[in-house]
Amino acid sequence: MRKGSLSDKPFFSALQPESSVSSYALPSGVQLERGGSASDPGAATRRVQQQVQMRLTKTSRVTQQVNGSMFCGPHTCPPYIASSHLCLCRINQLDMRTAVAQLSSSDPELQVQGAAFIQHECYHKAEAKTQVAQLKGIPALVQLFNCGNTEVQRYATGAMRNVIYENIENKTLLLQAGGISQLIEALKEPDNDLRKNITGILWNLSSKDNLKEKLAQDALPQLTEKILVPLASGGDSEAIQQSPSEADIFCNTTGCLRNLSSMNEKIRQKMRDMHGLVNSLVGYIQKSIQDGTMEGQGVENSVCILRNLSYQLYSEMPPSVLARLEGPSRGQDYTRSDGIGCFAPQSKKAKDKLNPDLFTLSEVAKQPKGQEWLWHPQVVGLFKRVLQSCESNMTTTREAAAGALNNITAGDYRWASVLSHVALEQEHILPVLLDQLRTSSDQELRSVTGLLRNLSRHARNKDNMAAKVVNPLITRLPSDGHQKEPSSEVVVSICSILNNLVTVSLSAARDITNFDGLQKLMAIKDNHDSSPGKLKAAKAAATVLTNMFQYKKLHANYSQKGFTRKSFNEISI
């Protein structure tokens, strides 16, 4: 079986490591909570003080553990709460050496002071992060992650978020101190503030390629079981019910998973196999569509993860699964099985009209579970609804949905053809994709045109497809090969679509001519610089023109547009 050519390779993940969106290192805790910038140190100090005051006041309502003893009795607040004003006064009087030393104190109040000072200083001072590392503050913070005092744990993890932010050396020190295992252990604590910090740290760490293997090994199971599955399910409710803190935790967790899923085949396969992971993402997206809450970062992350997990899907899935999806070999009879929903044939006429791949679906279950969602026909409808539900400014989510469809319809695999037919004939996806062609995002345009390239390759009725797509595609072509937008990759994809149609459809060639496509294709072919991308686009345009010239019936039409036989004869591929 021949796999797809290089031009048919699916685009990689929505979070490619080398791209501008390769990772989302979480902003510092102070920044997220106060919504301001780092340009106002005084405001940052005030906010940290407010956090200390609010948290210490909150803890005054419950029994606290202090210095290893439990305080109980008629007092209205524990001893160290009574001295909270001292804490607020001293935070501005600390220096880094003293703050780090306080982390090893047996007094939780001093530990909170030290961690709060470190969090504040490392938010707006890069040199403070270096100081913490030099003073061995990172191992000291790690030791507090599971100290048994929730308030101390919150401040220790909050400080660590700032200490490692945009500092690869400190990330490495965190790993060397056993930080990941301590963070995962602390996830067991049912405290949202603590979990928000922990998942924020893990998201931050996942931005670095050299840490992804470790995170996938140690953190993936707990993140899936403790965070993703319960927060995505919504319980017994059909709607997603997340508090603001839970929404942040879910966002952090899916951001981490999004980065991990962009790494390599080993991690992708581990994530596909992880019980509950794919089901939770699909369920969360489905409920977000129903609720009309598609604008959230959690939705974007979830769609991007599914796109990443669909990358190179056919070459990475188990051989036994691929063999089942490829169906009977040539010469064997197709056997009918129970149809799935709308795929069930209604009559012999319908069966004769439809290709067997639309009603011979014994290869998949009626209701997909786990990683089967990645290639099940129902996922085509899911991604179509994502495209329909996203506003025009949600380009990353739209691009990821189109990219996922691009991945599962690419190549010479039978199942890629099956899903292409589902998209075209059952989901009627063309109008949705043509609407996306108007996007101003080149990245989104790459995914959309890549998907249309696959669909045009597998389409059974190319005349019908040509009637719908030629004009919008010609509109997006540049006037010549010197234009910077759209990118050469988009131009190549558009030319590939046109060529797939032209090779079997005279009407496609006629439509290209009538919509002034000849002028653009000739200009792309002839007027360009010598960069590899522009040369590839020129050759792609030349290929379309060569195949258009094979229709002798259209030579008169070409002449009317000012292009003679000589114009076509000058084409060199």
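S507 and D463 form a side-chain donor-acceptor contact under 3.5 Å, judged by distance and modelled atom types alone. Side-chain contact check for N471 and D511: no donor-acceptor pair (N or O, by modelled atom type) lies under 3.5 Å. Between the side chains of T439 and E444, at least one donor N or O sits under 3.5 Å from an acceptor N or O. Donor-acceptor pairing under 3.5 Å is recorded for the side chains of Q269 and R272. A donor atom on one side chain and an acceptor atom on the other are found under 3.5 Å apart for N264 and E213. Side chains of N308 and S262: a donor-acceptor N/O pair is absent below 3.5 angstrom, by distance only.
Using a cut-off of 4.0 Å between Lys/Arg side-chain N and Asp/Glu carboxylate O, K520 and D516 are scored as not salt-bridged. Salt-bridge formation is not detected for the pair E326/R414: no Lys NZ or Arg NE/NH1/NH2 atom is positioned less than 4.0 Å from an Asp or Glu carboxylate oxygen. The residues E300 and R258 are annotated as salt-bridged, a charged nitrogen and a carboxylate oxygen being separated by less than 4.0 angstrom. Under a 4.0 Å N-O distance rule, the pair K212/D209 qualifies as a salt bridge. Between E489 and K536, none of the side-chain N atoms (NZ, or NE/NH1/NH2) sits under 4.0 Å from a carboxylate O, so this pair counts as no salt bridge.
Around CD of E485, the count of heavy atoms belonging to other residues, nucleotides or ligands within 6.0 Å does not exceed 12. More than 12 non-hydrogen atoms from other residues, nucleotides or ligands lie less than 6.0 angstrom from NE2 of H555.
The closest side-chain heavy-atom distance from M271 to I305 is below 4.5 Å. Using a 4.5 Å heavy-atom threshold, the side chains of S302 and L306 count as separate.
Of the possible donor and acceptor atoms, none in the side chain of Y314 sits under 3.5 Å from a partner among the backbone N and O of G411.
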T503 vs N547, test: side-chain hydrogen bond (donor to acceptor under 3.5 Å, both in side chains). Steps then yes/no. CA-CA 6 Å; T503 51; N547 288 322; over 6 Å; no
Let me see the working for K171 and N204 under side-chain hydrogen bond (donor to acceptor under 3.5 Å, both in side chains), right down to the final yes or no. CA-CA 9 Å; K171 289 182 173 70; N204 197 316; 3.0 Å; yes
